[in-house]
Amino acid sequence: MQMDKGTLYRLAASYLGEYCVKEDTSVYQALNDVVQHALGLALDYTSWPFALARVTLTPDADGAFALPADCLEIRECSLPAYEMIGRKLYARNFMEHARVTLTYKSSVLADTVCLPDYEPFFCEGCVLLLASKAAPRVTSNMKLAQSLEQEAYGKLYRAKLKIVRSTASNDQDPDTVTGGSRERRWRRG
């Protein structure tokens with residue numbers, strides 16, 4: 001399940017003191033005007049695993065590999081040496097590379113405005129960031145905008161920390177590692 005655009009807008013508007021968000025309101029328009037910017041900032045915060053995509057590219061007639069339309073940033077490329085010009089990759093030694101595997105940060109989350117609800121800190125960070133970007137137009141309160149932005153980056157940091165802990169940590173409960181008691185795990189001899 002994912003957080004859709006309507007839910008995102010309602011939650012962001014509630015931080016601004018607005019509880020009725022319909023498409024014909026100025027609050028909706030203010031949120032709609034800044035949503036791509038806010039979600040783009042959230043995606044740029046770190047390399048979110050749920051925002052990564054992998055694709056295999058084949059060269060065009062010029063020997064260049066065109067980047068996917070949703071590619072924001074290249075994370076890994078199977079080419080040992082390449083040059084990037086515009087939205088195309090050129091292999092240093094084209095004859096050896098008929099295909100390229102590319103892992104990249106995708107803009108699909110920002111484009112579709114569907115957030116992964118299994119990452120609640122990320123979602124909350126996006127809600128707060130959206131509210132902070134719309135606050136000057138909706139409330140004319142710059143202090144509120146700054147406060148919301150600061151809180152948003154705090155939530156994004158917690159989301160990042162949660163992901164790092166879950167993917168890069170070897171900190172495990174000794175009982176589950178050994179299948180028995182802690183005493184047996186730590187006893188020497």
Side-chain angles (χ1 to χ4, degrees), residues 1-9 12 23 28-134 136-137 145 149 152-169:
M1 191 166 183
Q2 297 188 342
M3 180 185 289
D4 65 349
K5 188 176 188 177
T7 305
L8 179 67
Y9 282 18
E23 286 191 33
Y28 180 91
Q29 190 58 46
L31 292 168
N32 205 45
D33 288 347
V34 297
V35 69
Q36 292 298 316
H37 177 65
L39 293 179
L41 289 172
L43 285 174
D44 281 344
Y45 186 76
T46 193
S47 187
W48 304 105
F50 50 82
L52 294 179
R54 180 171 288 136
V55 67
T56 300
L57 305 173
T58 54
D60 60 15
D62 298 334
F65 300 91
L67 293 177
D70 64 329
C71 179
L72 294 174
E73 175 184 335
I74 297 172
R75 303 300 298 162
E76 292 179 16
C77 180
S78 64
L79 290 172
Y82 63 89
E83 181 179 24
M84 191 164 133
I85 300 174
R87 304 263 318 151
K88 292 189 176 191
L89 294 176
Y90 292 89
R92 294 269 191 238
N93 189 353
F94 170 68
M95 296 309 222
E96 294 178 12
H97 303 285
R99 296 182 341 167
V100 171
T101 301
L102 191 69
T103 302
Y104 63 96
K105 189 184 297 186
S106 172
S107 66
V108 169
L109 282 177
D111 295 343
T112 61
V113 191
C114 283
L115 305 180
D117 65 352
Y118 56 85
E119 293 294 346
F121 290 125
F122 177 79
C123 290
E124 187 65 19
C126 290
V127 166
L128 287 161
L129 207 49
L130 177 58
S132 76
K133 298 305 174 193
R137 282 185 52 188
E149 184 172 20
Y153 282 115
K155 294 290 185 182
L156 292 175
Y157 177 77
R158 288 187 68 187
K160 177 181 172 181
L161 189 61
K162 178 183 172 242
I163 288 170
V164 167
R165 284 182 177 158
S166 68
T167 59
S169 176

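The figures here come from the full heavy-atom set of this structure, side chains too, leaving out hydrogens, waters and symmetry mates.
Here Tyr157 pairs with nothing under the ring-ring contact (aromatic ring centres under 6.0 Å, His included) rule; sequence neighbours left out. The ring-ring contact (aromatic ring centres under 6.0 Å, His included) check on Tyr9 picks up Tyr28, with sequence neighbours excluded. Under the rule for a side chain to side chain donor-acceptor pair (under 3.5 Å), the partners of Lys88 that lie at least two apart in sequence or sit in another chain are Asp60.
For Arg87, the CZ atom counts as densely surrounded, since its 6.0 Å shell holds more than 12 non-hydrogen atoms of other residues, nucleotides or ligands. The local environment of CZ in Arg158 is sparse, with at most 12 non-hydrogen atoms from other residues, nucleotides or ligands closer than 6.0 Å.
Tyr153 has its side chain out of reach of Leu128: every pair of non-hydrogen atoms, C-beta onward, lies at least 4.5 Å apart. Taking 4.5 Å as the limit, some side-chain heavy atom of Ile163 sits within range of a side-chain heavy atom of Glu119. Side-chain contact check for Leu129 versus Ser132: some heavy-atom pair is nearer than 4.5 Å. Looking at Leu31 and Lys133, their side chains never come closer than 4.5 Å, going by heavy atoms from C-beta outward.
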(message) For Ile74 and Leu89: C-alpha separation, side-chain torsions, deciding distance, then whether side chain to side chain contact (heavy atoms under 4.5 Å, CB included) applies.
(response) CA-CA 11 Å; Ile74 297 172; Leu89 294 176; 3.8 Å; yes
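To the nearest 0.5 angstrom, Leu52 atom CG is 9.0 Å from Glu76 atom CD. In this structure, CG in Leu102 is found 9.0 Å from OG1 in Thr56, a value given to the nearest 0.5 Å. The CG atom of Leu156 lies 12.5 Å from the CG atom of Leu161; values are rounded to the nearest 0.5 Å.
Residue pairs that meet the salt bridge (charged side-chain N to carboxylate O under 4.0 Å, His left out) test with at least one member in residues 100-115, sequence neighbours left out, are Glu73-Lys105.
No hydrogens or angles considered: nothing links the side chains of Arg99 and Thr58 as a donor-acceptor pair under 3.5 Å.
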Would you be so kind as to tabulate the donor-acceptor pairs closer than 3.5 Å made by side chains of residues 64-72, with sequence neighbours excluded?
unit_1	atom_1	unit_2	atom_2	d
Asp70	OD1	Tyr104	OH	3.0
Asp70	OD2	Tyr104	OH	3.4
Asp70	OD2	Ser106	OG	2.5

Could you go through residues 37-49 and list every donor-acceptor pair under 3.5 Å that involves a side-chain atom there, pairing it with any protein atom two or more places apart or in another chain?
unit_1	atom_1	unit_2	atom_2	d
Ser47	OG	Arg75	NE	3.2
Trp48	NE1	Ala42	O	2.8

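Residue Leu57 comes nearest to Val55 through the heavy atom pair CD2-CG1, 3.8 Å, listed as atom of the first residue, atom of the second, then distance. Nearest approach of Met3 to Cys123, heavy atoms of both residues: CE-CB, 3.7 Å. The shortest non-hydrogen separation linking Leu109 to Pro116 is CD2-CD, 3.9 Å.
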